[in-house]
There are 2 protein chains.
Amino acid sequence: MEISTKLRYGARALAELGLTYPKRPVPARELAEQQGLSVKYLEHILSALKAAGIVNSKRGMSGGYELARSPEQITMKAVFNALEGSTAPVKCVENPEICSQYDDCPTRPVWEELRDSIDGVLGSTTIADLTERIRSSAKYGKTTYQI
Amino acid sequence: MEISTKLRYGARALAELGLTYPKRPVPARELAEQQGLSVKYLEHILSALKAAGIVNSKRGMSGGYELARSPEQITMKAVFNALEGSTAPVKCVENPEICSQYDDCPTRPVWEELRDSIDGVLGSTTIADLTERIRSSAKYGKTTYQI
DNA sequence: CTGTTCTCCTATTATAATGATATGAAAGAT
DNA sequence: ATCTTTCATATCATTATAATAGGAGAACAG
Ligand code: FES
Ligand code: FES
């Protein structure tokens, strides 16, 4: 039960976007360099984040991506849902049809508890929290990254 | 981030084994019939549970599988670990080498929180809880299953 | 001792999900 | 016009999951 690289990379990119918010949009190329990722792959991720209304984009020179709302207003739950889908660890929690003995399933309550617990953690963390960690990190200031 | 069918099926099988504990071992065939699963696939799952010390097995006629400890002593965390691996949603939480910017990673704390939260839920649920749900279920008694 | 029931071991296959790359069109800025 | 960037879509490689298959070997009942 691991999260995808999309979510890993996407969350870090958003944390960086929190640094520049609301000063300027950051091009995918720049974010990709920072993380040592392929630009094309990150574009894919940012595209999903845009579809979810988490980032806005501007084309052309001095364009790029920026947070659609303030970092405090973007929870990790929204990010998770955008890049990873549901937080329910089994489909039947949300689509009862899938499992046969749904009504009397002794394990489903456990999976529901798990989902709620995950939602709790992700719902109480925002991009602002991530960005704050970058600001207070040892390397911050040494980076070539310009705000 | 979904759990595997191994865990889904395995957890339900263990809940059933809680019913017969400590009366008699139940053959894989019987458990598979109940869930409408292939015997061979369930054997595979039970084998993993045995390797983890969660069930014992007896060969030959009137053999089968039984819980290695009392249902109250088997947590869902142990079952999860046996069938699904670590509860950490990213490898770097437990293997720092994997991620590049490990030390200053702004997102890792979130994944650690997730792991702890998942551990909390799974650690506080036991097979006995699952078995109890079967006992108090509507269909219980109507089933052909004999203790 | 013989047949039956069952676990146990290992190999194989099918299918799906993930991770990643590639190509180029459309839009915006100067 | 030209450069920069998003955007849309297609493709490929790799891995993980799900499931099946065949048969060896233990336990036991008669
Ligand atoms: S209803 Fe889906 S695992 Fe029980
Ligand atoms: S250290 Fe692995 S996601 Fe940050």
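An OP1 or OP2 oxygen of D:dT6 is reached within less than 4.0 angstrom by no side-chain nitrogen or oxygen of A:K58. Considering only side-chain N and O atoms, A:S57 lies nowhere under 4.0 angstrom from the phosphate OP1 or OP2 of D:dT6. For A:K6, no side-chain nitrogen or oxygen approaches OP1 or OP2 of C:dG19 to under 4.0 Å. Using a 4.0 Å cut-off, some side-chain N or O of B:Y65 falls inside it from OP1 or OP2 of C:dC8. Remark: B:R29 is not in phosphate contact with C:dT5, judged by side-chain N or O atoms under 4.0 Å from OP1 or OP2. Between A:S38 and the phosphate of C:dA20, there is no side-chain N or O to OP1/OP2 separation shorter than 4.0 Å. OP1 and OP2 of C:dC9 both lie 4.0 Å or more from every side-chain N or O belonging to B:S47.
Rounded to whole Å, the distance from CE on B:M1 to P on C:dA17 is 17 Å. Counting to the nearest Å, the P atom of C:dT7 and the CG atom of B:L49 are 13 Å from each other. As rounded to whole Å, 11 Å separates atom P of C:dT21 from atom CD1 of A:I45. One can place CD of A:E2 at 13 Å from C1' of C:dA17, the figure rounded to the nearest angstrom. Put simply, CZ on A:R24 is 16 Å from P on C:dA29, counting in whole angstrom units. Between A:E66 atom CD and D:dT6 atom P the separation is 12 Å, expressed in whole Å. A straight line from CZ of A:R8 to C1' of C:dA20 spans 14 Å, rounded to a whole angstrom. Atom pair A:K50:NZ and D:dT6:C1' shows a separation of 8 Å (rounding to whole Å applied).
Looking at the side chain of A:M61, the nearest of the listed nucleotides C:dT5, D:dT6, C:dT30 is C:dT30. Here the nucleotide nearest the side chain of B:E43, chosen from D:dT6, D:dA18, C:dC8, is C:dC8. For A:P27, counting side-chain heavy atoms from C-beta on, the closest listed nucleotide (D:dC7, D:dT5, D:dA18) is D:dT5.
Ion pairing between a basic and an acidic side chain is recognised when a charged N comes within 4.0 Å of a carboxylate O; B:R24 and B:E30 show such pairing. The residues A:R115 and A:E112 are annotated as not salt-bridged, no charged nitrogen and carboxylate oxygen being separated by less than 4.0 angstrom. The pair A:K91-B:E2 meets the salt-bridge criterion, since a charged nitrogen lies less than 4.0 angstrom from a carboxylate oxygen.
For A:R59 against C:dA26, a side-chain N or O and a base N or O form a donor-acceptor pair under 3.5 Å. A donor-acceptor contact under 3.5 angstrom links the side-chain atoms of A:K40 to the base of C:dT23.
B:S4 comes within 4.0 angstrom of sugar-phosphate atoms only, judged by non-hydrogen atoms across all strands, and of no base.
The nearest heavy atom of DNA chain C to A:E84 and to A:S62 marks one nucleotide each, and the one closer to the 5' end goes with A:E84. Nucleotides of DNA chain C nearest to A:Y41 and B:G64 differ in position, and the one nearer the 5' end is that of B:G64.
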side-chain contact (heavy atoms from CB on, under 4.5 Å) assessment of A:K77 paired with A:T126: CA-CA 8 Å; A:K77 173 150 167 53; A:T126 70; over 6 Å; no

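For the residue pair A:S4 / A:E84, a side-chain donor-acceptor distance below 3.5 Å is found, with atom types taken as modelled. Judged purely by distance below 3.5 Å, without hydrogens or angles, the side chains of A:Y21 and A:T131 never pair a donor atom with an acceptor atom.
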